[in-house]
Amino acid sequence: MNADVEKRVGQNVRSLREAKGFTQEQLATRLQLRGCDMTRSAVAKIEVGQRHLYPDEIILIKEILNVNYEDILK
């Protein structure tokens, strides 16, 4: 992905996370409980576009936040 896309996707993740009332730590913990090795720092980097998301992470974030793929990737 290019930097603009990563920033946009990261902003979407942040907005969706905040809309659900989750902190970065809470999202990271829920990802860890589902077998994804994600730290709060990694969530922060995703949200500012410094780290890309892997497909399995997108799937889990979609499920945890109860959103559509379009909401994350738009």
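The figures here come from the full heavy-atom set of this structure, side chains too, leaving out hydrogens, waters and symmetry mates.
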Report, as yes or no, whether the 6.0 Å neighbourhood of atom CZ on Arg14 holds more than 12 heavy atoms from other residues, nucleotides or ligands. no
Phe22 and Gln26: which non-hydrogen atoms are nearest, and at how many Å? CA-OE1, 3.2 Å
Distance in Å, Met38 CE paired with Gln32 CD, rounded so as to fall on 0.5 Å steps: 9.0 Å
To the nearest 0.5 Å, how far apart are CG in Leu27 and CD in Glu18? 11.5 Å
Which pairs would a plain distance check flag for residues 62-74, meaning a side-chain donor or acceptor within less than 3.5 Å of a matching protein atom at least two apart in sequence or in another chain?
| from | atom 1 | to | atom 2 | distance (Å) |
| --- | --- | --- | --- | --- |
| Glu63 | OE1 | Arg34 | NH1 | 3.0 |
| Asp71 | OD2 | Asn68 | N | 3.0 |

Start with the C-alpha gap between Leu60 and Asp56, add the side-chain angles, then the distance that decides, and say whether side chain to side chain contact (heavy atoms under 4.5 Å, CB included) holds. CA-CA 6 Å; Leu60 290 175; Asp56 59 329; 5.6 Å; no
Distance from Lys7 atom NZ to Asn2 atom CG, nearest 0.5 Å? 10.0 Å
First locate atom CD of Glu57, then atom CD1 of Ile61, and finally report the distance between them rounded to the nearest 0.5 Å. 6.5 Å
Output side-chain donor-acceptor pairs under 3.5 Å for residues 42-50, partner residues at least two apart or in another chain, one line each.
| from | atom 1 | to | atom 2 | distance (Å) |
| --- | --- | --- | --- | --- |
| Glu47 | OE1 | Arg17 | NH2 | 3.1 |
| Glu47 | OE1 | Gln24 | NE2 | 2.8 |
| Glu47 | OE2 | Arg17 | NE | 2.6 |
| Glu47 | OE2 | Arg17 | NH2 | 3.3 |

Mind checking whether Val5 and Leu53 sit in one hydrophobic cluster, side chains of I, L, V, M, F, W, Y counted as touching below 4.5 Å? yes
